[in-house]
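Letters A, B, ... mirror the listed sequences (proteins, then strands); counts begin at 1. Just so you know, these numbers use all the heavy atoms, side chains as well, and skip hydrogens, waters and symmetry mates.
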Number of protein chains: 2
Amino acid sequence: MIAIEKLNTIKKCPVSYVLAIQDTLNAFQGKWKMPIIGALMFGKKRFKEIEREIPKITPRMLSQELKDLEMNGIVSRTVLHTTPVTVEYALTDSGEQLHQVLEAMIAWGLQHREQNMVKLLPVLQEEVA
Amino acid sequence: MIAIEKLNTIKKCPVSYVLAIQDTLNAFQGKWKMPIIGALMFGKKRFKEIEREIPKITPRMLSQELKDLEMNGIVSRTVLHTTPVTVEYALTDSGEQLHQVLEAMIAWGLQHREQNMVKLLPVLQEEVA
DNA sequence: AATACTACTATACTTTTATATACTGATATA
DNA sequence: TATATCAGTATATAAAAGTATAGTAGTATT
């Protein structure tokens with residue numbers, strides 16, 4: 001873990017840090033990346049298994065996003081020569097390491113909600129309803 | 001900081017964690033949020049100052065994204081009754097705390113690039129060119 | 001012979017997001 | 001009087017992202 005006092009440091013080390021952040025945002029970009037990564041955090045899964053686990057995703061989107069994640073080295077794809085052919089998707093090491101980023105996101109999101117409770121009340125009520 | 005062994009935990013505490021992650025993704029969503037937050041990490045700035053600091057952003061986008069960030073409690077807006085009127089934007093506490101998430105993103109992005117160096121070489125060369 | 005399973009792809013379309021360009025009103029300076 | 005500054009807004013358009021619906025090939029079951 002690189003030591004950073006404040007984000008200020010980003011400007012002292014601009015190129016690699018900015019690229020690193022872009023890579024990370026890229027990993028989560030799009031409506032379905034998060035649910036797909038989430039599904040694979042519990043172990044390898046076949047195409048149809050993921051499709052069933054994520055309500056309302058279309059095969060087109062699932063296929064597209066899996067390809068994207070594979071190209072970015074976050075997900076691996078293994079063809080099993082069964083009948084019919086099945087394809088297994090799993091997180092790579094990099095993919096699994098994303099849980100560290102998710103932890104930070106959860107921590108921020110929770111404290112942010114707490115700090116803004118009053119303002120967010122109407123929103124929360126909508127979400128529950 | 002909430003202790004999480006693996007992301008598995010997310011399914012044990014689903015609603016608040018998923019909402020927390022969504023809030024965080026929301027904070028960075030869109031092409032210009034990241035640069036804006038980045039600019040404000042170095043202290044409060046006026047509209048035109050931010051506009052000048054971020055090449056190619058249009059006033060429409062800047063206005064829209066600042067409004068969005070303000071509504072989400074990440075940025076504060078202060079009107080100064082100077083002539084002509086100036087408006088100061090600054091990160092809220094929540095906004096500043098985002099640097100923790102950015103740290104995690106940088107750490108992941110850097111180790112991801114290292115792990116995938118070979119595969120990413122052509123991409124890197126494009127970026128440099 | 002008809003149906004179902006696997007993992008997708010193709011085409012057309014809608015929705016969302018971002019851009020381009022010009023403009024506002026109040027004040028100050030040249 | 002003409003021009004520049006501030007912080008934006010208005011309108012139209014282009015590009016990107018996502019959806020809907022149907023279809024592919026190969027095998028296996030009913």
Side-chain angles (χ1 to χ4, degrees), chain A residues 21-40 43-72 74-91 123 126, chain B residues 21-40 43-72 74-91 123 126:
Chain A
I21 291 174
Q22 278 175 0
D23 284 357
T24 311
L25 287 177
N26 221 4
F28 294 115
Q29 214 163 49
K31 188 172 176 182
W32 301 109
K33 293 258 170 65
M34 197 62 211
I36 292 170
I37 291 169
L40 294 177
K44 61 188 177 190
K45 295 224 169 71
R46 288 180 298 99
F47 190 91
K48 276 283 172 189
E49 285 178 322
I50 305 172
E51 196 182 346
R52 276 186 222 107
E53 202 168 294
I54 302 177
K56 298 197 180 174
I57 195 170
T58 61
R60 179 179 215 255
M61 275 297 114
L62 182 53
S63 171
Q64 198 176 101
E65 300 297 66
L66 282 171
K67 240 175 229 167
D68 224 53
L69 291 167
E70 198 198 346
M71 282 208 316
N72 284 317
I74 291 161
V75 154
S76 67
R77 180 178 182 274
T78 314
V79 179
L80 303 178
H81 300 284
T82 53
T83 50
V85 169
T86 51
V87 179
E88 256 177 23
Y89 292 91
L91 292 180
V123 180
E126 263 177 57
Chain B
I21 291 176
Q22 279 176 358
D23 283 356
T24 311
L25 287 177
N26 222 4
F28 294 115
Q29 215 163 50
K31 187 172 176 182
W32 300 108
K33 294 256 169 67
M34 196 62 212
I36 293 170
I37 291 169
L40 294 177
K44 60 189 176 188
K45 295 224 168 70
R46 288 179 300 99
F47 189 90
K48 278 283 173 186
E49 287 178 322
I50 305 172
E51 197 183 346
R52 276 186 225 107
E53 200 166 296
I54 302 176
K56 298 199 180 173
I57 195 168
T58 62
R60 180 178 217 256
M61 274 297 112
L62 181 53
S63 170
Q64 198 177 100
E65 300 294 65
L66 282 170
K67 241 176 226 166
D68 222 55
L69 290 166
E70 198 197 347
M71 284 208 318
N72 284 316
I74 291 161
V75 155
S76 67
R77 180 180 183 273
T78 314
V79 179
L80 303 178
H81 299 283
T82 54
T83 49
V85 169
T86 51
V87 180
E88 257 177 20
Y89 291 92
L91 292 180
V123 180
E126 261 175 61

Using only modelled atom types and a 3.5 angstrom limit, is any donor from either the side chain of R60(B) or the base of dT9(D) paired with an acceptor on the other? no
Determine: side-chain N/O of K67(A) to OP1/OP2 of dT9(C), distance under 4.0 Å, yes or no. yes
Regarding the side chain of P59(B), the nearest nucleotide among dA7(C), dT9(D), dG18(D) is dT9(D)
Could you state the CD-C1' distance from E88(B) to dC6(D), rounded to the nearest angstrom? 14 Å
Which atoms form the tightest heavy-atom contact between P59(A) and E51(A), and what is the distance? CD-OE2, 3.8 Å
To the nearest angstrom, how far is L62(A) atom CG from dA10(C) atom P? 16 Å
Report which part of the nucleic acid K56(B) touches: base, sugar-phosphate, or nothing (heavy-atom distance under 4.0 Å, all strands). nothing
Just how far, in rounded Å, is P of dG18(D) from CD of Q64(A)? 8 Å
Short side-chain N/O contact to dT6(C) OP1/OP2 from T82(A), under 4.0 Å: no
Selected nucleotide, minimal atom distance to S63(A) side chain, candidates dA7(C), dC6(D), dT9(C): dT9(C)
Tell me which nucleotide among dA7(C), dT19(C), dC6(D) gets nearest to the side chain of F47(A). dA7(C)
Between atom CD1 in I57(A) and atom P in dT9(C), what is the gap in whole Å? 14 Å
Decide side chain to side chain contact (heavy atoms under 4.5 Å, CB included) for L91(A) and V75(A); before the verdict, give the C-alpha distance in whole Å, the side-chain angles of both, and the deciding distance to 0.1 Å. CA-CA 4 Å; L91(A) 292 180; V75(A) 154; 3.9 Å; yes
Any heavy-atom pair between the side chains of E53(B) and I50(B) that's under 4.5 Å? no
Less than 4.0 Å between a side-chain N and a carboxylate O, is that true for E49(A) and R52(A)? no
Can you check the K48(A) NZ to dA4(C) P distance for me, whole Å? 13 Å
If the cut-off is 4.0 Å, is R77(A) near the phosphate of dC8(C), judged by side-chain N/O to OP1 or OP2? yes
Taken to the nearest whole Å, CE/M61(A) to P/dA10(C) is 14 Å
Which part of the nucleic acid does R46(B) contact within heavy-atom distance under 4.0 Å: base, sugar-phosphate only, or nothing? sugar-phosphate
Using only side-chain N and O atoms of T83(B), determine if any of them is under 4.0 Å from OP1 or OP2 of dA28(C). yes
Closest listed nucleotide, where the reference is the side chain of T58(A) and the choices are dA7(C), dA18(C), dT19(D): dT19(D)
L66(A) vs F47(A) side-chain heavy atoms within contact, under 4.5 Å: yes
Write down the distance between CH2 (W32(B)) and C1' (dT16(C)), rounded to a whole number of angstrom. 17 Å
DNA chain C: E49(A) or Q29(B), which has the more 5' nearest nucleotide? E49(A)
Which is more 5' along DNA chain D, the nucleotide nearest E65(A) or the one nearest P84(A)? Just name the residue. E65(A)
If you measure from the Lys or Arg side-chain nitrogens to the Asp or Glu carboxylate oxygens, is any gap between E70(B) and K67(B) under 4.0 Å? no
Could you state the atom-to-atom distance from CG of N26(A) to C1' of dA17(D) in whole Å? 14 Å
